[in-house]
Amino acid sequence: MSEFKSEFLNIMLERGFYNQCTNIEGFDNYLYECEKSGRPAVGYLGSDPTGDSLHVGHIVPLMMLRWFQKCGHKPIALVGGATARIGDPSGKDKLRPFLDEATLAHNIEGLKKSFSKFLRFGDNGNDALMVDNWDWFKNVNYLEFLRDIGTCYSVNRMLTMDSVKTRLEREQPMSFLEFNYMLLQGYDFCVLMQKYGCRAQIAGSDQWGNITSGTELGRRKYDTELFGFTSPIITDASGKKMGKSEGNAVWINEEKLSSYNYYQYFRNIGDTEVGKCLRIYTDLPMNEVIRLESLKDQEINEAKKILAFEATKICRGETEAKAAQETAIKTFEQGSAGGELPSVVVASDCGILDAFVNIGFCASKGEARRLIKQGGLKLNDKTVSDENYHLSAADFTDGQAKIALGKKKFGIIKVA
RNA sequence: GGAGGGGUGGCAGAGCGGUCAAAUGCAACGGACUGUAAAUCCGUCGACUUUCGUCUACGAUGGUUCGAAUCCAUCCCCCUCCA
């Protein structure tokens, strides 16, 4: 199935990354020419440092860039130090609170870390490049910017952009500050084009408006065709965005989420999502993906294990992935307790309620009590029925005891 | 600047002097059933306390009242219309 001339676009298509492109034939030709001549195409992905780590929802464009690099092209990871100071109105109902300089700096570091898990950075050939748009925006003069860039935008057109239109339709306030966001992102694209010969922007489909802002600016002001390429929004079976587990985001950086929990997120994916996830979150070759996704009923669990392992490997490294997998096997299949489980140190006569609160499984003793009434808490595989129970030496083996909340949350408590 | 409407739990959204820790829906969580899946059914869903109960909470601060999410005052924020 060679729909396209370029390797990159064929991969995007067969793995389900292709949603929309500003000019698919043009982009294909550009990539093909580059692939043929051995000169890397240059494309970028931008992300604003509004948090200190990316999460699973961001992986889709990251993987696109990863493939982009694998195809011999040069990815640029842009950290939006400047745009984060404005706030992207896309998909938002409210102005975001401003971040102070310290958290901004902290977030930028976290973001760089997230990027570096998926891309190979360096100074040679098609090594990825990291840039911060603060570098070129910090000295921009307002009047000059308005005259140079502002003249290329029509407010009439801007008002029709989704990010603006929906906000107005819902009668939610939109500040002039946010209204300017698309100009900044458009300008970014052109700066990268001029500095690094960047011709493509790759992102999730929610960025479409901001991307076309850049391609239009490129055409009007610099007479250069730029390409925008977006992925579909990946949703789970119930149509919600991917990336929440127990109400919390599935973070890419390990300080925010253990590799074991990261692994478990993918291990617990719905049957209907397996094929899609294998395509998007792993590097596995397509014939393997097709084989795995055809598994049915209980066998599909094998596919889920491979998915979880491969996805964890990319993000956390092979060692971590193996450890996570081993822990999962020990815990779920052999009934013992794997080493990667969350653990907490407690006093040897600690109350059972405190133990569950301390390890973070329960937010309060009241919650722990309720769960005991519902039969949801276990100590060494036995359902806890007495909320006043205090641990004793008999509960520990080698100074450890295994506790569980529900069927999936396991932890280890250790004697002080 | 003028006139009107509004700010309630993770979200949406009732309540408009006591019976309100606050209806309902969604989300979340536990149990049953299973395959660490989905669907379904049952249950839970502010904190401390075994129960009684106590405390904190309906934008903020004061006040009226035996008693306020509910009334009054001031302030902050948002929306709509007019200038």
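So that the names make sense, note that chain A is the first sequence line, chain B the second, and so on, each numbered from 1.
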Please check the phosphate of [N] (OP1 and OP2 only) for any side-chain N or O of [X] closer than 4.0 Å.
| X | N | answer |
| --- | --- | --- |
| A:Lys365 | B:U50 | no |
| A:Ser364 | B:G46 | no |
| A:Arg370 | B:A47 | yes |
| A:Thr272 | B:A38 | no |
| A:Gln298 | B:G35 | yes |

- line: Of the listed B:A32, B:U36, B:G35, the closest approach to the A:Ile300 side chain comes from B:G35

Out of B:G30, B:A37, B:U36, whichever nucleotide has its closest atom nearest the side chain of A:Asp271: B:A37

Using a heavy-atom cut-off of 4.0 Å across all strands, would you classify [X] as base, sugar-phosphate, or nothing?
| X | answer |
| --- | --- |
| A:Glu367 | nothing |
| A:Ala328 | base |
| A:Leu405 | sugar-phosphate |
| A:Asp297 | base |

query: Hey, does A:Lys322 have a side-chain heavy atom less than 4.5 Å from the side chain of A:Thr312?
result: no

query: Should A:Phe332 and A:Arg267 count as side-chain neighbours, where that means a heavy-atom distance under 4.5 Å?
result: no

task: Both distances under 3.5 Å, Watson-Crick or G-U wobble: report the partner of B:U74, or none.
output: B:A60

message: Base of B:G31, side chain of A:Gln374 - is there a donor-acceptor contact under 3.5 Å?
response: no

message: Between C1' on B:G30 and CZ on A:Arg369, what's the gap in Å once rounded to a whole number?
response: 17 Å

All pairs passing ring pair (Phe, Tyr, Trp, His ring centres under 6.0 Å) where residues 333-387 of chain A contributes a residue, at least two apart: none

message: Applying side chain to side chain donor-acceptor pair (under 3.5 Å), can you list everything that pairs with A:Lys330, at least two apart in sequence or on another chain?
response: none

